[in-house]
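Both backbone and side-chain heavy atoms feed into the values below; hydrogens, waters and symmetry mates do not.
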Amino acid sequence: MCELLGMSANVPTDLCFSFAGLRQRGGGTGPHRDGWGVVFYEGVGVRAFHDPGASVSSEVAQLLERYPIKSTVAMCHIRQANVGSVALENTHPFIRELNGRYWSFAHNGQLPDYRSPQREDPRYRPVGQTDSEALFCDLLNSLLQSGALALSQSALIDVIVAHCKAFAEQGVFNVILSNGDWLFSFCSTKLAAITRRAPFRPATLRDCEIEVDFKAETSPSDVVSVVATSPLTYDEGWQIMQPGEWRVWDAGELVQQGRVDVPVFAHPKPAHKKGQTPSDALRV
């Protein structure tokens, strides 16, 4: 099971605290050693960092834990590979330009029988071998060809939810998605979220001994929402999302939410091939 992290804020905010905890799950407190990536939006531009190695020992990850890149939207993914090799081209988040904006997508789960639909001259094609990237390209091709991009934000999100429901009916589909303005999440099996606002209080990470006093780091008007596969801190009121639940944050505020009916699939167990140990077998 991969690890997801997304952030939406009303002022440029760094991801250092949350990332410090999450990166420990990439080979430290968790088994997700097959690559990681993070995307920071700055206006219409993005800073993206990807590494096919374990985040717990990555020097690039160590840099990002210390380097306070300020962003209003950010997302991170730590991978357990199942479909596709452990390689740079298969690390999330995946990024594509659509309608003059960079869209980013990170997926936790597996659709074992998924096949991309046959389209005439599709604009978006996967570079790597993952079902996740193929799903992202399918979603963008559909939005582009259906004219959904001309809809209002609310109506566009409804179209995206319909696609997510269809994907989630085929397998495990926990996802975060953004175009730099809003952050969207869809829960198939496991996601948690929290919104931090005044009065701020201290918080302590679950995966390492780091505590931060948010009151000393923020102003009273700041609003920051975080969504993750599971709670990153143990002394805050995280909300556990239900299967089929989806949410949209804009400038840190929850602006849309809903729930659709989806089947609940179990995360498949790692299939260890002959000659492999649990540490070198490909994982979900």
Side-chain angles (χ1 to χ4, degrees), residues 1-9 13-41 46-81 86 90-94 104-109 132 174-178 183 185 187 189-196 202-212 214 217 224-241 247 249 252 267 283-284:
M1 184 176 183
C2 302
E3 294 281 346
L4 300 174
L5 168 63
M7 180 197 74
S8 171
T13 303
D14 71 68
L15 202 63
C16 295
F17 177 69
S18 296
F19 184 69
L22 190 79
R23 69 177 285 249
Q24 296 301 316
R25 300 178 183 181
T29 58
H32 320 86
R33 303 184 59 88
D34 301 324
W36 64 275
V38 61
V39 170
F40 301 94
Y41 281 91
V46 294
R47 295 185 191 228
F49 301 85
H50 294 82
D51 190 338
S55 59
V56 71
S57 57
S58 168
E59 292 189 10
V60 178
Q62 292 175 24
L63 168 66
L64 292 179
E65 183 179 329
R66 301 189 305 267
Y67 182 36
I69 297 175
K70 302 285 187 177
S71 178
T72 54
V73 177
M75 67 170 65
C76 181
H77 180 278
I78 296 181
R79 186 179 184 225
Q80 269 191 305
V86 178
N90 291 326
T91 59
H92 310 219
F94 301 108
S104 301
F105 174 98
H107 170 224
N108 164 30
S132 302
N174 302 296
V175 69
I176 51 178
L177 171 76
S178 181
L183 177 70
S185 70
C187 176
T189 58
K190 191 176 182 181
L191 276 180
I194 189 170
T195 296
R196 299 181 178 121
T204 308
L205 290 171
R206 289 174 176 263
D207 296 273
C208 55
E209 296 181 0
I210 298 179
E211 177 180 306
V212 66
F214 285 118
E217 303 290 334
V224 181
S225 290
V226 177
V227 58
T229 298
S230 60
L232 294 169
T233 59
Y234 64 79
D235 47 5
E236 294 184 289
W238 289 78
Q239 297 177 345
I240 305 303
M241 297 175 64
R247 299 185 182 186
W249 291 271
H267 281 264
R283 299 173 291 272
V284 168

Inset, instruction - Considering non-hydrogen atoms only, spot the tightest contact between Met7 and Asp14 and give its length. - result: SD-O, 4.2 Å

Legend entry - Considering all heavy atoms, the nearest Phe214-Ala203 contact: CE1-CB, 3.6 Å

Legend entry - Which atom of Gly21 lies closest to which atom of Asp207, heavy atoms considered: O-CB, 3.5 Å

Legend entry - Side chain to side chain, Ser178 and Met75, heavy atoms closer than 4.5 Å: yes

Inset, instruction - Nearest 0.5 Å please: distance from the OG1 atom of Thr29 over to the CZ atom of Arg206. - result: 11.0 Å

Inset, instruction - Report the distance from atom CD1 of Ile210 to atom OG1 of Thr204, rounding to the nearest 0.5 Å. - result: 10.0 Å

Legend entry - Option among Glu3, His32, Glu65 that satisfies the side-chain hydrogen bond (donor to acceptor under 3.5 Å, both in side chains) test with Arg23: Glu65

Inset, instruction - Search all heavy atoms of Leu232 against all heavy atoms of Ser18 and return the closest pair with its distance. - result: CD1-CB, 3.8 Å

Inset, instruction - Provide the closest heavy-atom pair for Cys2 versus His77 in the form atom of the first, atom of the second, distance. - result: CB-NE2, 3.5 Å

Legend entry - Interatomic spacing from CD in Glu217 to CZ in Arg196 - rounded to 0.5 Å: 12.0 Å

Inset, instruction - Find the distance between OG1 (Thr13) and NZ (Lys70) and round it off to the nearest 0.5 Å. - result: 6.5 Å

Inset, instruction - Would you indicate whether the side-chain heavy atoms of Thr233 and Phe17 approach each other to under 4.5 Å? - result: yes

Inset, instruction - Please report the closest heavy-atom contact between Cys16 and Pro68, naming both atoms and the distance. - result: SG-CA, 3.6 Å

Legend entry - Ser225 side chain vs Thr195 backbone, donor-acceptor pair below 3.5 Å: no

Inset, instruction - Would you tell me whether Trp238 and Ser230 have side-chain atoms, one donor and one acceptor, within less than 3.5 Å of each other? - result: no

Legend entry - Side chain proximity check, Val38 to Phe40, heavy atoms < 4.5 angstrom: yes

Inset, instruction - For His50 and Pro93, indicate whether the former's side chain and the latter's backbone hold a donor-acceptor pair under 3.5 Å. - result: yes

Legend entry - Passing option when Leu5 is tested against Ile176, Ile78, Leu15 for side chain to side chain contact (heavy atoms under 4.5 Å, CB included): Leu15

Legend entry - Spacing of Arg33 atom CZ and Arg79 atom CZ [to the nearest 0.5 Å]: 14.5 Å

Inset, instruction - Evaluate the side-chain proximity of Gln24 to Leu205: yes if any heavy-atom separation is below 4.5 Å, no if none is. - result: no

Legend entry - Ser57 and Gln62, any side-chain heavy atoms less than 4.5 Å apart: no

Inset, instruction - Would you mind reporting whether Val175 and Ser132 have side-chain heavy atoms less than 4.5 Å apart? - result: no

Inset, instruction - Could you tell me whether the side chain of Asn174 reaches within less than 4.5 Å of the side chain of Thr189, counting heavy atoms only? - result: yes

Legend entry - SG on Cys208 to CZ on Arg25, rounded to 0.5 Å: 10.0 Å

Legend entry - Close side-chain approach of Ile69 and Phe19, heavy atoms under 4.5 Å: no

